Amino acid sequence: MTSPIRSRLLGTGSFLPPRRLSNADLVAQLARDGVETSDDWIVERTGIRARHFADDGVKTSDLAFQASSKALQAAGLQPQDIDLIIVATSTPDMVFPSTACILQHKLSQTSPEAAGILGVPAFDVQAVCAGFVYALGVADAMLRAGSAKRALVVGAEVFSRLLDFSDRTTCVLFGDGAGAVVLEASDQPGGILATEMRADGRHVDILCVPGHVQNGNILGDPVLKMEGQAVFKLAVGVLEEAALKVLDKAGLQKTDIDWLVPHQANIRIIQSTARKLGLPMDKVVLTVQDHGNTSAASIPLALDTAVRAGRIQRGQRLMLEGVGGGFTWGAALIQY
Ligand code: UT7
C-alpha cells in the first residue's frame, strides 16, 4: 500500500522593506496633517509599536521576490526546481497579469538555469488577510492531487498604498512586507495535516477598498474602509471555529498544538484566540508589535521570524490562522 501524499514545508523566507516607522514617527507625521493619535492609543488598542513601509516605486512583486529567494535558499532549491507559484495578495502590481507571473519572471532571471521556472502555473489568490491560508490550502490540494511537486507559496503586500492617512482609525494599523514557503509533495508523515477555508460574502462592506477601474478612471473610493469593531467581533468567533475544525480533521486536540502562528492584526484578537485554544502566550508567535498588520504577508512573516529565531523546531505542530475582508477566514495545521 502506498503512503498518502503530504505537503512538507521545506523552507521559509520573509522580507520587510527597510523604511521603519515607529508609532512616534507615524504620530509626528500624522500630526503635521492635523490627524491626532498617540503611541499609547495604538499600543493599548492594537499592540502595534512599528511598521515598515515600502518606498515609492517598490512593488509587491519586489517584496515577494526577496522573500521567495530566501525561502528557496532555506529549502536548498533553485527557481527551476519549482513547478507551482501562488501569491496571496490584495495589492497586486497591476490589475492584471497576476503578481505571481511577475514574480515568476523575476525569479527566472536570477541565473541561466532559473529560466526553467518559466512555463509552470502561476496565479494569485485574493482573500485579503486570510490569503496566505487560502494559498496554502490550494497548494496543498494541488500537491496531494499530483498536479505539482514543489510549490512556492507567497503572501506579499504593500498595504500602505491603500491607506487614507486622514483616517486615524485605519492608517495606524497596517504595514508592508512579504513571506514565503516552499512546499514539496512527500510520502513521509508530517507536513500540512489539515486546512480549512471559509467565506461569508454578506460582510463585504465591513472591510473593503471599494474603488475600481472603469474606462480609464477610478470610480469609488480607492482607500481602505473598515468597521473595526464589527471585524473584531466576527474575527474572534470564526478563528476559534476554524482552529477546532482543522484539529478535528487531523484527529488532534488543542493540547497537540506547539505553536499558534496567527494573522497579526491586533494583539487583543490574538490573546482571545490563544485563550480559547488553551494556549499560553509563550506558545504564540507575535510580530504585530514590529510589523503591524501586513494582511496576506503577516502569517508567513511571523512563521519565518520564529523559524529563523530557532523557536519553531522540526516536528512541532503549528496552527496557522487568518481572517480578513470578504469576510474570509481559515486555518492550516502543519507538522513542521
Ligand atoms: O486584518 C483584517 C482583520 N482586521 C482586524 O482584525 C481589525 C479588527 N479591529 C480592531 O483591531 C479594532 O476594532 C481597532 C484597533 C480597529 C479599533 O479598536 P477599538 O478598541 O475597537 O476602538 P474603537 O473603534 O471602539 O474606537 C475607540 C475610540 C473612538 O473614540 P470615541 O468614539 O470613543 O471618542 C475612536 O474615535 O478610539 C478612537 N480612535 C482613536 N484614537 C486615537 C480610533 N482610532 C484612533 C487612533 N488614535 N488611531
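Just so you know, these numbers use all the heavy atoms, side chains as well, and skip hydrogens, waters and symmetry mates. It should be emphasised that the depicted structure is a prediction, and the values quoted were computed from it without experimental measurement. Each ligand, and each atom within it, is numbered from 1 in the order the structure gives.
- The nearest protein atom to atom 27 (C) of ligand 1, hydrogens excluded, is given as Arg45 NH1, 3.4 Å; this is a heavy-atom distance.
- Going from atom CG of Asp25 over to atom OG of Ser22 covers 3.0 Å, rounded to the nearest 0.5 Å.
- Remark: minimum distance from atom 1 (O) of ligand 1 to any protein heavy atom is reached at Asn293 ND2, 2.6 Å.
- Between Arg311 and Trp259, the closest side-chain pair of non-hydrogen atoms falls below 4.5 Å.
- Between Thr46 and Asn266, the side chains place no donor N or O within less than 3.5 Å of an acceptor N or O (distance only, hydrogens not considered).
- Atom 46 (C) of ligand 1 has as its closest protein heavy atom Thr37 OG1, 3.3 Å.
- Counted within 6.0 Å of CD on Gln73, heavy atoms from surrounding residues, nucleotides or ligands total 12 or fewer; the atom is thus considered open.
- For Lys59, the NZ atom sits in a loose shell: 12 or fewer heavy atoms of surrounding residues, nucleotides or ligands are nearer than 6.0 Å.
- There is no side-chain donor-acceptor pair under 3.5 Å between Glu157 and Thr294.
- When the options Asn266, Ile48, Ile270 are ranked by their closest heavy atom to atom 10 (C) of ligand 1, first place goes to Asn266.
- Of the candidates Thr46, Val236, Ile42, Thr46 brings a heavy atom nearest to atom 15 (C) of ligand 1.
- Only the side chain of Ile269 comes within 4.0 Å of ligand 1, judged by heavy-atom distances.
- Between Leu303 and Val285 there is no side-chain heavy-atom pair separated by less than 4.5 Å.
- Contact annotation for Val323 and ligand 1: only backbone heavy atoms (N, CA, C, O) come within less than 4.0 Å of the ligand.
- Residue Ala265 has at least one heavy-atom neighbour below 4.0 Å for each of these atoms of ligand 1: 1 (O), 5 (C), 6 (O).
- When hydrogens are left out, the protein atom nearest atom 48 (N) of ligand 1 is Arg168 O, 2.8 Å; that is the closest non-hydrogen contact.
- Protein heavy atoms are absent from the 4.0 Å sphere centred on atom 32 (O) of ligand 1.
- For atom 3 (C) of ligand 1, the nearest protein heavy atom (residue, atom name, distance) is Val231 CG1, 3.7 Å.
- Residue contacts with ligand 1 for Val172 involve side-chain atoms from C-beta outward but no N, CA, C or O (heavy atoms, distance under 4.0 Å).
- Scanning the protein for heavy atoms near atom 8 (C) of ligand 1, the closest one is Gly228 O, 3.6 Å.
- Residue Arg268 approaches ligand 1 through these ligand atoms, each under 4.0 Å from one of its heavy atoms: 18 (O), 19 (P), 20 (O).
- Among Phe159, Phe232, Trp41, the residue whose heavy atom lies nearest to atom 44 (N) of ligand 1 is Trp41.
- Per-atom contact check: atom 5 (C) of ligand 1 touches the protein, criterion being a heavy-atom distance below 4.0 Å.
- Note that atom 37 (O) of ligand 1 has protein non-hydrogen atoms nearby, at separations under 4.0 angstrom.
- Heavy atoms from other residues, nucleotides or ligands lying under 6.0 Å from NE2 of His212 number more than 12.
- Surrounding CZ of Arg49 are at most 12 heavy atoms belonging to other residues, nucleotides or ligands under 6.0 Å away.
- Neither the backbone nor the side chain of Ala235 comes within 4.0 Å of ligand 1, counting heavy atoms alone.
- If you number the atoms of ligand 1 from 1 as listed, the ones under 4.0 Å from a heavy atom of Met226 come out as 4 (N), 7 (C), 16 (C).
- The closest approach between Leu207 and ligand 1 falls below 4.0 Å for a heavy atom of the residue.
- Cation-pi geometry between Arg19 and Phe53 is not met: the NZ or CZ atom fails to fall both under 6.0 Å from the ring centre and inside 45° of the normal.
- With Gln264, Glu36, Gln229 as candidates, the residue nearest to atom 21 (O) of ligand 1 on a non-hydrogen basis is Gln229.
- Against a heavy-atom cut-off of under 4.0 Å, His263 is close to the following atoms of ligand 1: 1 (O), 2 (C).
- Electrostatic pairing of Lys245 and Glu196 does not count as a salt bridge here, judged by no charged N lying under 4.0 Å from a carboxylate O.
- Around atom CZ of Arg202, no more than 12 heavy atoms belonging to other residues, nucleotides or ligands sit under 6.0 Å away.
- Among all non-hydrogen protein atoms, the one lying nearest atom 2 (C) of ligand 1 is Cys129 SG, 3.3 Å.
- If you check the side chains of Thr89 and Asp124, you find no donor sitting under 3.5 Å from an acceptor.
- Without hydrogens or angle criteria, Thr287 side chain to Asp290 main chain gives no donor-acceptor distance under 3.5 Å.
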